[in-house]
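Below is one structure; the comments refer to it alone.
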Protein chains: 2
Amino acid sequence: MTPNKEDYLKEIYKLGGAEKLVGNKQIAEVLKIAPASVTEMLIKLSHEGLLHYEPYKGSCLTKEGLQIAITLLRGHRLWEVFLMRHLGYSWSEAHEDAELLEHITPPRLSGRLDKFLNYPAYCPHGSAIPHSDGQIDRKPLRPLVQLAAGESSHIRKVAEEKELLDYLQSLGIEIDGAVTVASIGPYEGPLMLDLDGRQVQVSHKAACQIYVDER
Amino acid sequence: MTPNKEDYLKEIYKLGGAEKLVGNKQIAEVLKIAPASVTEMLIKLSHEGLLHYEPYKGSCLTKEGLQIAITLLRGHRLWEVFLMRHLGYSWSEAHEDAELLEHITPPRLSGRLDKFLNYPAYCPHGSAIPHSDGQIDRKPLRPLVQLAAGESSHIRKVAEEKELLDYLQSLGIEIDGAVTVASIGPYEGPLMLDLDGRQVQVSHKAACQIYVDER
DNA sequence: TTTGTAAATTAGGATCGCCTAAATGAAGGG
DNA sequence: CCCTTCATTTAGGCGATCCTAATTTACAAA
Ligand SMILES: [Mn+2]
Ligand SMILES: [Mn+2]
Ligand SMILES: [Mn+2]
Ligand SMILES: [Mn+2]
């Protein structure tokens with residue numbers, strides 16, 4: 001296992017590779033690697049038994065590949081908690097450095113870090129932290145953009161992308177904070193939100209990447 | 001810069017490459033890489049301006065190479081403090097995992113870790129932690145094995161090698177602890193030490209790797 | 001059914017960091 | 001000063017991972 005192979009597995013997982021076939025194109029895009037190189041690596045990973053590869057169709061993770069992806073996500077999210085809680089990192093900084101730390105986090109380290117942090121259930125961006133046995137507590141969520149004007153809910157998760165994270169943090173958006181959609185601009189216009197009495201405007205695109213409780 | 005190039009620079013530094021020329025043989029040994037491969041890499045690193053390479057003579061670090069080596073040592077030792085102080089690692093475990101963490105520790109991270117740890121001066125094994133400007137507070141030390149029977153001093157540092165660390169920690173040897181050499185076995189025989197009233201026997205080889213105050 | 005388009009694969013190469021085996025240089029003892 | 005020995009370098013290769021360009025396949029619209 002090398003850091004880049006780990007990233008292949010992790011990204012395939014994030015693209016839904018635990019349930020369905022993921023196309024090479026998407027993998028090439030998120031990893032910023034030429035499609036031809038992705039084909040090559042996928043064949044190698046399938047020979048290693050980490051994923052099922054169907055030429056011209058796509059790939060999905062095997063049990064072993066899934067295990068590696070989840071272990072990686074666990075390390076990533078635990079580090080994010082540490083970096084924000086104890087070192088004063090911002091949302092995007094924590095995500096950035098955790099991207100590297102995740103690759104050198106053997107079970108001994110993630111286990112002790114987990115204990116030190118008092119077994120956090122979620123990363124600072126709201127994603128569930130897998131347990132050491134690979135179990136993940138999922139919560140059903142829907143994008144904020146699906147709420148109708150006047151509807152209220154609680155922000156539970158935001159997508160992890162540097163620019164988005166900096167944007168949302170500068171707006172003062174917080175995980176588990178209450179939100180009410182005051183108004184929705186027409187033609188994918190901005191949404192006006194009420195956060196604990198504070199009025200905040202967010203773009204339609206950002207609202208697609210913010211998740212709130214379902215129902 | 002890649003992790004292995006960083007390790008070349010770090011090991012050259014530890015072999016004295018900041019002051020004198022270091023031979024390829026030694027570098028090959030500590031890195032467990034074939035001498036031919038070392039030659040090749042040294043030439044590459046010299047083209048990158050990180051060290052001065054004199055064929056058949058040896059190498060010494062340039063200012064830039066030294067900077068990288070010291071930054072690496074700083075990250076390594078700060079992580080060791082964190083791992084032992086907060087995660088309950090042993091001497092050898094801390095050294096092992098820090099070996100990996102050091103390579104993914106940008107200044108932002110080491111700076112904040114340093115602050116979180118309240119600016120420790122030494123790693124758990126007694127080596128000085130370089131400041132962020134590269135400054136290192138040296139203390140003059142001599143190996144314990146140089147003490148005469150009856151002489152007393154304080155243990156300030158131990159060499160960082162897995163087996164040695166496990167051995168010394170199992171004996172209850174501690175940095176900054178008082179030590180008196182009770183007796184010295186003949187012909188490189190074991191030393192009997194008095195540690196705060198406790199009698200402990202250590203091998204000659206180990207006594208070569210334990211450092212106490214000079215004079 | 002044909003065909004255009006996007007996705008995927010194949011072919012051919014480059015670079016990096018490592019290896020073994022063979023050749024060469026340096027340096028001290030005789 | 002020569003020779004032995006050990007350190008070092010050179011030569012030739014290998015596997016991993018990435019690339020570009022060319023070709024093939026899949027799929028859906030016409
Ligand atoms: Mn990563
Ligand atoms: Mn996160
Ligand atoms: Mn290292
Ligand atoms: Mn140390």
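Naming: A, B, ... by sequence-line order, numbering from 1 per chain.
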Phosphate-side-chain proximity, A/N4 and D/dC18, N/O vs OP1/OP2 below 4.0 Å:
yes
Counting only side-chain nitrogens and oxygens, does A/T2 get under 4.0 Å of the OP1 or OP2 atom of D/dT17?
yes
Separation of atom [atom1] in [X] from atom [atom2] in [N], rounded to whole Å:
{"X": "A/M41", "N": "D/dA16", "atom1": "CE", "atom2": "P", "value": "10 Å"}
{"X": "B/D7", "N": "C/dG17", "atom1": "CG", "atom2": "P", "value": "13 Å"}
{"X": "B/E54", "N": "D/dT8", "atom1": "CD", "atom2": "P", "value": "13 Å"}

Closest heavy-atom contact between A/H103 and A/P3?
CE1-O, 3.4 Å
In terms of side-chain heavy atoms, does A/D114 have a donor or acceptor partner in A/H131 at a distance below 3.5 Å?
no
Side chains of B/T2 and B/E6: do they bring a donor and an acceptor to under 3.5 Å?
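B/E6 and B/T2 do not have a side-chain donor-acceptor pair below 3.5 Å.
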I need the A/L87 CG to B/R108 CZ distance, nearest 0.5 Å.
10.5 Å
About how many Å separate CD1 of B/I12 and CG of B/L51, when rounded to the nearest 0.5 Å?
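Rounded to the nearest 0.5 Å, the CG-CD1 separation comes to 5.0 Å.
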Listing time: all N or O pairs from protein to nucleotides 23-28 of chain C that are below 3.5 Å?
{"unit_1": "C/dG25", "atom_1": "O4'", "unit_2": "B/Y56", "atom_2": "OH", "d": "3.4"}

Establish, yes or no, whether the cationic atom of A/K139 lies under 6.0 Å from the six-membered ring centre of A/Y122 and within 45° of the ring axis.
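Pair A/K139/A/Y122 counts as cation-pi.
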With a 6.0 Å cut-off (strictly less than), is the heavy-atom count around NZ of B/K63, excluding the residue itself, greater than 12?
no
Heavy-atom neighbours of B/K205 NZ exceed 12 at 6.0 Å
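At most 12 heavy atoms, drawn from other residues, nucleotides or ligands, come within 6.0 Å of this atom.
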Within residues 42-52 of chain A, those residues having any heavy atom closer than 4.0 Å to DNA chain C are none
Does any residue of residues 21-39 of chain A have a heavy atom under 4.0 Å from DNA chain C, and if so, which ones, in number order?
A/G23, A/N24, A/K25, A/P35, A/A36, A/T39
Are A/Y13 and A/Y8 close enough that their ring centers fall under 6.0 Å?
no
Any chance the rings of B/F116 and B/H86 have centres within less than 6.0 Å?
yes
In plain terms, say whether B/E80 and B/R77 are close enough for a salt bridge, that is, a side-chain N and a carboxylate O under 4.0 Å apart.
no
